[in-house]
Amino acid sequence: MEPILVICDSGKPHALNWRGQTHSVICVLDHWWEAGRWWEAECAKEFYLVLTAQRRLLLCRNPNSGDWLAKAA
Amino acid sequence: MIAPVPLFIRSEFSFLNGASRLAELVNVAARLGYDTLALTDRDNLCGVPEFLGLCADHGIRPILGAELTLNSGKVLALARSRKGFSSLCKLLSYSHLNNERRKPSLPEEILLDQAEDLILLAGGDEAPFARALQQRHSPNAAQWISRMHRRFGSDFYLRIERTFAPLQIGYNAHLLELAAELSVPVAAANPVAFARREQFRIFDLLCCIRNLITLDDPHLERALNDCLFLRSPDSIAKLFFDLPDVVNNANVIAARCEAYELKDKRFRPCFPDLPAEYTFDYLKTLAYSGAQRKYGSLSEPLRTRIDYELSVIAQLGFADYFLIMHDLLCFARELKVRYAGRGSSADSVVAYCLDITKVDAFSRNLRFERFINPERADSLPDIDVDFDRRYREEIVNYVVRKYGQKHVAGVASFNRYRARGALRDVAKAIGFRVEDIDRLAKLSHWALSAKRIAAMLESKPEIRALNVERKKFELLFELCAGVDDLPRHISAHPCGVMITGTPVEEITPLLRAANGLLISHYDKDGVEDLGLVKFDLLSLPTLGAVEDASAMVRAHDTTFDYDRIPLDDEPTFELLREGETAGGFQNESPAQQSLAPRLKARTIEDVIAAVALIRPGPLKGEMVEPFIRRRNGVEEVSSIHPVIDKILEHTYGVVLYQEQVISIAVELAGFSPGQADVLRRTISHNRSSEKMEELGSIFIKQAIARGVEPTIAERVFTWIQGYAGYGFCEAHAAAFGDTSYKTVYLLRHHPAEFYASLLNHQPMGFYSAATLINEARRKGILVHGPDCNVSKPESFADAHSIRLGLLQISGVKEDTAALICRDRPYTSWGDFIRRVRLDRDTLEYLVLAGAFDRLHANRKELLFSLGTVLPPAAESVMSLALDLEPIIAPRPDFDLYTRTAQEYRVMGLSPGRHIMIFWRSKLTKSGIQTCRAVKHNQDADALLTAAGVVIRPHTPPTKSGKRVIFFTLEDESGLLNVTVFPDVQEKFGHLMPGHSMLVVTGRKDKRGSNGLTAVHLAPIPER
């Protein structure tokens, strides 16, 4: 996954800037949380599967840092 | 926004499927403001009684249900009426009883056919239609939903959950579409598996334990996130804000579940042999005829006491209970099964007259209210009876035959995580190596709280020796503390049997225990909470041992009667005072043996007091030392008030027994006996200062009103407040005291018979067969090893000697022993192996045990001769060369040490000698004494040294909280109790786990217990 800039509205991805281009999120197809490897002190992460005009993207947010990662799905 | 009622809650009783204690769940729910709560554990109703109590305490309306595993998936079933609850019980019974143990599954057709008054909810990723819906095969899902909807009508709902799991959004959208299409209502019900979000770690861990995987292993059943916690009404309302109808439906379901009472007197069993109107009269007749038999003439006070007890029994409706127990014990007597009532039931004169107990409660002036409190109509009496272990099952079978399988069930027991179990399971899930897990488990006491593991293990040098990183240990300790006290699995309670008036499945589901017994889903507390009647039918091996010993004695002395053993036999007291009571009942432990020479028992009352004194309560309450000093006249018994002096006369002014607290409250402060028992219970169980103050002021006020000086009233209350919590039930002590004394009588007068019987009933008691045999030898009893021509299957006594039985030898089963006995006599080794076809292992064990010594004394020659007639494989049965005579080639036999060690290996003991004799000459040269010499050395200041086999090292909780190791050192001369305090442990503690024999140097215990306080430990030198 690679870093990505995500703009949220009411806590949900609204638009994103990926590889230098801005995309609007048409809809959130799925949304879930994963606890991660808690026994190794890994923190939980939030996932979104979103649809933009170009492609489906899997977004991952680290709630501690606020950083987003993405990959084509 | 309206929040949905939590309808889907799994507690600890989902056994590794729920991570919170029930009490915590209800507490959190109450704190969050819920006024209605469902309990829906997976495939059981184990938590129902406790849940009802907790909900009542918090003013929450309970809804009872369960998550049912169908053969097609899982559904949620909520009982909307009492009838629905019974239906759920029956469905769960079916689910458990018609499948492999611990794998309940209900066929859909049974659910469709038999469910009544149940509301069914199906949804989530384990629903029967989930896979079809996930794969977009809506028709298949629709078919299942329609079938259920047709059957359950308005009692069927689809369930929607929002737990932030992958694919859930799409799945829910499909479900809502399908529901609309089929006109099936949908209700919001998020699964709850733990009360607080942070308990997810424990939940995930339990899932790994359940599936036998480590935390690193992926598994479909593992939750992906921590969203299965109990959300606040606000939070859950926000989650479902877009589905108001779905939320509303959850609340409609909750409203449709009626409030109903599970307690019902119809469940109390009736004595079936006569019409209900005659039961009380029959009980009265039995009580009086029993009294006539036991007391001869009936004095007025005795009549008054019996009438009082009968009136309370009648008033509380317990006549049937007494008659059922009486009938059961009549059966036991017909079968000649030895039994003995124990516990508070021995406070009853009626129970004594009915031969339920053997304690004369009238002569001892015991308080009936300790047994049955007339002012607590809801509490059922608790009659506990010990039976000879061999026949308990037969007794239970009688109950089943008499009352019918439909009315009888065993009681459950929840096996909860303690230190050792937690360490094993958690360390395995974390990925510790098997050998490290074994080492850790051995270091911890099994019954210790898992929360104390860190404190217990961190300081131990053995932990540092394990090559495990610190972080891993920290995780282990944290998770062990998290699982502490959670139930791991369910099993049968060892003695509880419930009998119900109406069919048992109306009130509880059943499951099959490992021993085949059908048991309730409720444990003993649950059974009591629901007002169900249970009987405690216990196994006590001692009763079998005394029965067998009595039979052996009667074989040469027909006048002997165990039940008529005189209770004032001086030689018996002499033995008790010496503390030489290994094998005795309730008097053989090191603590009892240490007490004995100090207490100096002279009467049966002293024996009864000893039973009560060596208990955590009296030890913690520091009652032992004052009792001993006063008993021996070293300290004066101070007078407080004439009333109290009289009540405490037989315990030298110490409040030793619970019955004495009741008597003080009644006679000094004018409490009714019932109120006095409530006072005793409150002091024992509730130590809140407000309650104490309230009780104290009532006690003092009432005592003053009866003319007691205010200072004395205050002093007495402070006094009983301090002691009452530690007191022991006198009736129970008296019941055990009788058996305790009589076993010492057998040890004193018929030791060969008693030791032989004890060997036949192993495992039992405190000591191993080897120690018992050593004790027998020390008493001058000749112990003969097994002999193929003489031994019986069991050990037996004959003319002050013991002949070991064939069953004492490892690998010799009952059928083998019977075979050997049947074909006697054997004229030679060859004759034996030709006529008794045994496998090689058994033959070797018989040789090593000395079973052929009288036919051929050289054991090594016999072992080698086996090779001439048997093929070499160990497991091969004698099928070749059957008619060949074994060829015995001359060779030197094993030396005596090897023979002895081999005997220990195959029998756990050596009939001829103690292993320590092989060290004796070397030890003597080094100035090391025998255990007996040290025990009888009266020099309190001398440094004494003994060596021996270490027996049962243990570290019981101490008042100071310090870890003190107690063990017994055994050599050919006897036993010596050793205490190792922390300073000595620090230097020599590392020797304890690895060495079975030690040299101990120390000083005699200053209190005069004959034990040794260690100052130095060392491994035993080379032989």
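Keep in mind the model is a prediction, meaning the values are calculated, not measured. Letters A, B, ... are given to chains in the order of the sequence lines, protein chains preceding strands, and every chain is numbered from 1.
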Cut-off 4.5 Å, heavy atoms of chain A, and the answer for B:L479 is side chain
Those residues of residues 7-28 of chain A, ordered by number, that approach chain B below 4.5 Å (heavy atom to heavy atom) = none
Residue B:R416 excluded, over 12 heavy atoms near CZ under 6.0 Å = yes
Using non-hydrogen atoms only, which part of A:L49 is less than 4.5 Å away from chain B: side chain, backbone, both, or neither?
-> neither
Please list, in residue-number order, every residue in residues 37-45 of chain A that has a heavy atom less than 4.5 Å from any heavy atom of chain B; write 'none' if there are none.
-> A:R37, A:W38, A:W39, A:E40
Is any side-chain heavy atom of A:L29 less than 4.5 Å from a side-chain heavy atom of B:I169?
-> no
B:R222 portion near chain A, given a 4.5 angstrom heavy-atom threshold = side chain
Taking all non-hydrogen atoms of both residues, which atom of A:A35 and which atom of B:F200 are closest, and how far apart?
-> CB-CE2, 3.3 Å
Which portion of B:L475 sits near chain A, non-hydrogen atoms under 4.5 angstrom | side chain
Do A:D30 side-chain atoms and B:P166 backbone N/O form a donor-acceptor pair below 3.5 Å?
-> no
